[in-house]
Structures are given as C-alpha cells and as structure tokens.
Amino acid sequence: METRSCGACTLCCRLPEIELLSKPANEPCVNCVTGQGCRIYDDRPDLCRDFLCAWMTDLELGAEWDPTVAKMMVYGQGKQLTVLVDPDHPLSWREEPYAAQLGSWATAAADDGGYVIVFVGDDVHKIVPAIPAAKA
Ligand code: SF4
Ligand code: SF4
C-alpha cells in the first residue's frame with residue numbers, strides 16, 4: 001500500500017496560525033528547521049501530532065499536490081476546505097492544474113453546503129463554484 005511522508009516539507013509549521021504555540025500565520029514555528037522538520041519532534045504537541053494535510057491523507061491526489069510542489073497546503077475543517085498558499089509563491093493557486101482543481105472541489109463541496117477558502121498572506125479568497133449549465 002502506498003504511503004506518504006512529509007519529506008522536506010515544513011509548510012504546516014510555517015503557514016497556519018497556531019495559537020497554542022503563539023505562532024503567527026506565515027512565520028516559522030520556533031521549533032521548525034526549514035527543510036528538515038521539527039526539532040522537538042518526539043515531544044511536539046498533540047495538535048501537531050494529529051495534523052495531516054490532504055496530500056498526506058488522500059492518496060488519490062497526484063504528485064502535483066505535494067505541498068513542496070504546489071506551494072500550498074490543503075486541509076479540511078468541517079465544511080470548509082482550507083488552502084494556505086505560500087506567500088513566497090502567491091499566484092500558485094491561480095495556475096493550472098491548481099485553479100481548475102480548486103474550482104472542481106468548490107463545485108463538489110457546494111452540493112453539500114461546503115466551500116473552498118484560499119488564504120494568501122492577508123488576502124482571503126472564496127472559490128466560486130461552477131454554475132451548472134441550464135437545461136434546455
Ligand atoms: S503540509 Fe502536509 S506534507 Fe507538509 S509537513 Fe505538513 S502534513 Fe507534511
Ligand atoms: S512544534 Fe514542531 S511540529 Fe509543531 S508547528 Fe512547531 S515545528 Fe511544527
């Protein structure tokens with residue numbers, strides 16, 4: 001069975017705000033060694049221990065969704081699919097294949113009251129679901 005590892009990715013130790021660690025968004029955690037991982041790995045908080053982004057849990061996502069390739073990380077929060085974009089690559093989510101996939105996810109999520117939100121630094125974008133073609 002295919003398994004995935006974070007490898008050199010440390011995006012979830014940099015992009016999200018983590019109140020428990022007094023870590024602001026888009027700044028590395030004090031325990032993060034960029035490109036290597038967590039210097040307190042064995043003693044990291046449960047919050048960190050329990051977190052896996054969508055690329056780690058959804059084996060159907062292609063290699064282009066490796067956060068180190070996509071320059072963004074994706075995870076579900078209830079009805080919200082959250083996309084945190086690396087501010088060093090602020091347009092990555094507008095490029096293909098990402099823009100089309102985000103649109104597809106927004107359209108699929110809307111059927112169940114869900115939605116897709118993209119955060120790029122201080123900017124927040126809600127992906128507009130495709131409007132179904134009108135029946136003739
Ligand atoms: S964003 Fe995903 S792949 Fe990257 S370190 Fe976090 S869980 Fe691992
Ligand atoms: S404590 Fe470790 S795993 Fe948690 S955010 Fe900081 S570097 Fe990442």
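Counting starts at 1 for both ligands and their atoms, in listed order. Below, each value reflects all heavy atoms present in this structure, side chains not excepted, and no hydrogens, waters or symmetry copies.
Although no hydrogens or angles enter the test, the distance criterion places no donor-acceptor pair under 3.5 Å between the side chain of K126 and the main chain of Y115.
Legend: protein N/O/S atoms lying under 2.8 Å from atom 2 (Fe) of ligand 2, waters omitted, number 1. Take atom 8 (Fe) of ligand 1 and draw a sphere of radius 2.8 Å; the protein N/O/S atoms inside it number 1.
To the nearest 0.5 Å, atoms CZ (R44) and CZ (R39) are separated by 15.0 Å. Taking CG from L52 and SG from C6, the interatomic distance works out to 7.0 Å, rounded to the nearest 0.5 Å.
Paired with V85 under the rule side-chain contact (heavy atoms from CB on, under 4.5 Å), one option of L11, V118, L15 passes, and it is V118.
Proximity to I18 (heavy-atom distance under 4.0 Å) selects the following atoms of ligand 2: 5 (S).
For W65 and W105, the distance between ring centers is under 6.0 angstrom.
Between F51 and Y75, the angle of the ring planes goes over 60°, which puts this pair in the perpendicular group of the 30/60° scheme.
The heavy-atom pair separating S92 from K71 by the smallest distance is OG-O, 3.7 Å. Across C32 and T10, no two heavy atoms sit closer than the pair SG-CB, 3.7 Å.
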Inset, instruction - Applying salt bridge (Lys or Arg N to Asp or Glu O under 4.0 Å), run through D66 and R4 and close with a yes or a no. - result: CA-CA 10 Å; D66 178 335; R4 288 178 172 168; over 6 Å; no

Inset, instruction - Would you sort out whether V74 and T82 count as a side-chain contact (heavy atoms from CB on, under 4.5 Å), showing the intermediate values? - result: CA-CA 6 Å; V74 179; T82 299; over 6 Å; no

